[in-house]
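Read the structure below first, then the notes.
Below, each value reflects all heavy atoms present in this structure, side chains not excepted, and no hydrogens, waters or symmetry copies. Every chain is numbered from 1, with letters handed out A, B, ... down the list of sequences.
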Protein chains: 2
Amino acid sequence: MPDEFLLDEQTCFALYAASRAVTDTYRPLLGELGLTYPQYLVLLVLWESDARPVKEIGEALHLDYGTLSPLLKRLEANGLLTRARLPADERTVVISLTEEGRSLRTRAAGVPSAIGCALGLDDTERRQLIDTLRRLTASAASYSSGGFDAQP
Amino acid sequence: MPDEFLLDEQTCFALYAASRAVTDTYRPLLGELGLTYPQYLVLLVLWESDARPVKEIGEALHLDYGTLSPLLKRLEANGLLTRARLPADERTVVISLTEEGRSLRTRAAGVPSAIGCALGLDDTERRQLIDTLRRLTASAASYSSGGFDAQP
DNA sequence: CCGGATTACCTTGCGCACGATGTAATCGTG
DNA sequence: CACGATTACATCGTGCGCAAGGTAATCCGG
């Protein structure tokens with residue numbers, strides 16, 4: 001039988017390596033904008049719909065507060081967004097883009113196509129890859145946090 | 001036209017999310033062995049062929065010394081491997097498994113199949129995913145470190 | 001309306017990842 | 001053989017990513 005330790009390495013390691021290779025590709029592009037890849041993801045969320053609570057940003061990106069809190073603080077320090085308590089519920093912090101944060105979208109206009117080109121996949125492959133990754137993510141998530149015997 | 005910032009998010013973010021979901025699945029399994037996922041990857045390399053210089057481990061995993069040096073130090077502190085200068089070339093450090101490091105392979109025997117099951121992909125999908133990810137990684141790498149105008 | 005549970009967020013600690021910098025050993029060239 | 005370049009590795013600083021523990025605001029059952 002083939003070595004299970006090698007077989008296993010293939011899917012998960014391929015994923016791990018590909019993910020890092022992609023962020024490597026983003027790095028120089030985003031560096032010119034003073035952004036990291038996770039910071040760029042937060043801006044993508046906010047460019048899509050501004051003034052959202054931290055909780056929603058976390059749900060969109062599958063990131064927890066331990067990651068987001070300091071990240072958002074850095075973006076605030078860089079003048080790209082503001083943090084404000086919601087008067088109706090003082091627990092929730094609403095994140096809003098500043099004018100500088102909004103205008104950064106224009107400067108980032110070339111990023112998506114540059115990345116799309118760097119990945120070197122045609123439309124069919126891209127769609128299929130996304131579909132497979134989505135199902136894989138859902139399947140893995142159902143195992144990690146619950147699986148058979150999850151109790152809410 | 002569709003929003004490029006949304007379109008772009010799909011491939012790269014799907015990859016980013018899937019990669020983290022998979023390591024989430026590994027975490028409890030490897031936690032019982034006292035390992036993290038990158039540490040597990042290093043052991044996979046060494047289980048395949050022991051007594052390798054740090055350089056080769058880095059090439060296999062696409063990791064640099066800044067990541068590997070402290071990681072290997074932790075594995076050494078945990079008694080899983082040893083580090084020794086090569087007499088023939090005092091610059092290179094050879095990493096060798098201890099008896100405990102070798103025996104951990106037996107305790108990890110159930111990990112690959114458990115992960116394979118959690119991913120929920122059939123053999124065809126798995127093969128195709130790996131193939132796509134490999135080409136994507138290669139394409140991205142050729143852009144990041146070189147691309148058109150790389151000068152050695 | 002009161003007290004316990006829940007919610008939203010923050011902080012701390014640890015372990016990657018990566019860029020930048022440093023050091024010692026070796027190689028290569030004149 | 002000298003000496004500049006290269007190689008192999010280590011260290012430091014920054015920024016994720018996640019677990020664990022903390023706080024204040026809100027909700028909810030009695």
Side-chain angles (χ1 to χ4, degrees), chain A residues 13 16-28 30-32 34-43 52-59 61-78 83-95 140-141 144-145 152, chain B residues 13 16-28 30-31 34-43 52-59 61-78 83-95 141 144-145 152:
Chain A
F13 176 66
Y16 167 79
S19 179
R20 287 190 296 121
V22 168
T23 65
D24 278 358
T25 306
Y26 272 103
R27 203 181 314 282
L30 297 180
E32 288 183 26
L35 294 174
T36 65
Y37 183 61
Q39 290 170 4
Y40 173 70
L41 290 179
V42 167
L43 291 183
R52 308 230 271 173
V54 177
K55 178 185 169 68
E56 283 186 22
I57 299 175
E59 285 167 354
L61 301 179
H62 309 168
L63 289 173
D64 68 357
Y65 294 107
T67 301
L68 280 177
S69 285
L71 190 157
L72 293 170
K73 256 184 140 169
R74 281 186 286 272
L75 288 177
E76 184 187 28
N78 293 346
R83 293 152 9 105
R85 296 274 168 184
L86 196 64
D89 184 344
E90 289 283 340
R91 290 171 303 180
T92 83
V93 170
V94 173
I95 305 295
S144 321
S145 56
Chain B
F13 176 67
Y16 168 80
S19 179
R20 287 190 295 122
V22 168
T23 64
D24 277 358
T25 305
Y26 271 103
R27 203 181 315 281
L30 297 180
L35 294 174
T36 65
Y37 182 61
Q39 290 170 3
Y40 173 70
L41 290 178
V42 167
L43 291 184
R52 307 230 269 171
V54 178
K55 178 185 170 66
E56 283 186 22
I57 299 176
E59 284 167 354
L61 301 179
H62 309 168
L63 289 173
D64 68 357
Y65 295 105
T67 300
L68 279 178
S69 284
L71 190 156
L72 292 170
K73 256 184 140 170
R74 282 186 286 271
L75 288 177
E76 184 186 28
N78 293 345
R83 294 153 8 105
R85 297 274 169 185
L86 197 66
D89 184 344
E90 290 283 340
R91 290 172 303 177
T92 84
V93 170
V94 174
I95 305 295
S144 321
S145 55

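Within the model, atoms CG of Leu35(B) and CG of Leu41(B) stand 10.5 Å from one another, a figure rounded to the nearest 0.5 Å. If you take OG1 on Thr23(A) and OH on Tyr37(A), they are separated by 8.0 Å, rounding to the nearest 0.5 Å.
For Arg83(A), a side-chain nitrogen or oxygen approaches OP1 or OP2 of dC10(C) to under 4.0 Å. Between dG17(D) and Tyr16(B), a contact under 4.0 Å exists linking OP1 or OP2 to a side-chain N or O. Neither OP1 nor OP2 of dT14(D) sits under 4.0 Å from any side-chain N or O of Arg74(A). Of the side-chain N and O atoms in Arg20(B), none sit less than 4.0 angstrom from OP1 or OP2 of dG17(D).
Contacts of Thr25(B) classified as side chain to side chain donor-acceptor pair (under 3.5 Å), with partners at least two apart in sequence or in another chain: Ser144(A). Listed by chain and residue number, Asp8(B) satisfy the side chain to side chain donor-acceptor pair (under 3.5 Å) test with Tyr26(A) (two or more places apart in sequence, or in another chain). The side chain to side chain donor-acceptor pair (under 3.5 Å) search around Arg85(B) returns none, not counting sequence neighbours.
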Could you go step by step and tell me if Leu63(A) and Arg20(B) meet the side chain to side chain contact (heavy atoms under 4.5 Å, CB included) rule? CA-CA 10 Å; Leu63(A) 289 173; Arg20(B) 287 190 295 122; 3.4 Å; yes
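Annotation: side chain of Glu56(A) is not in contact with side chain of Ile95(A) (no heavy-atom distance under 4.5 Å).
Scanning both residues, His62(B) and Ala17(A), for their nearest heavy atoms gives ND1-CB, 3.9 Å. Minimum interatomic distance between Leu61(B) and Tyr16(A) (heavy atoms only, all atoms of both residues): O-CE2, 4.4 Å.
The interatomic distance linking Leu41(B) (CG) with dG15(C) (C1') rounds to 14 Å, in whole Å. Atom NZ of Lys73(A) is separated from atom P of dC16(D) by 14 Å (rounded to the nearest Å). Look at NZ on Lys55(B): it is 14 Å from P on dT6(D), rounded to the nearest Å. Distance CG (Asn78(B)) to P (dC14(C)): 14 Å, rounded to an integer number of Å. The nearest whole Å value for the distance from the CZ atom in Arg52(A) to the C1' atom in dA8(C) is 16 Å. Rounding to whole angstrom units, CG of residue Leu61(A) and C1' of dG17(D) are separated by 13 Å. One atom, CG of Leu63(A), and another, P of dC9(C), lie 14 Å apart when rounded to the nearest Å. We find that OH of Tyr65(A) is positioned 16 Å from C1' of dA20(D), with the value rounded to whole Å.
Residues Val94(A) and Leu71(B) both approach DNA chain C. Their nearest nucleotides, taken by heavy-atom distance, put Val94(A) toward the 5′ side.
Here the side chain of Gln39(A) is nearest to one of dA17(C), dC16(D), dA10(D), namely dC16(D).
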Could you spell out the base pairing of DNA chain C as a dot-bracket line? Use Watson-Crick and G-U wobble contacts where both distances are under 3.5 Å, [ ] for crossing pairs, | for partners on a different strand. ||||||||||||||||||||||||||||||
Identify all side-chain donor-acceptor contacts of residues 69-78 of chain A below 3.5 Å with residues at least two apart in sequence or on another chain.
unit_1: Ser69(A); atom_1: OG; unit_2: Tyr65(A); atom_2: O; d: 3.2
unit_1: Glu76(A); atom_1: OE1; unit_2: Arg83(A); atom_2: NE; d: 3.0

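Contact annotation for Thr36(A): backbone-only contact, meaning every heavy-atom pair under 4.0 Å involves sugar-phosphate atoms and none involves a base.
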Name the pairs: protein N/O against N/O of nucleotides 19-29 of chain C, kept only if under 3.5 Å.
unit_1: dT26(C); atom_1: OP1; unit_2: Glu90(B); atom_2: N; d: 3.0

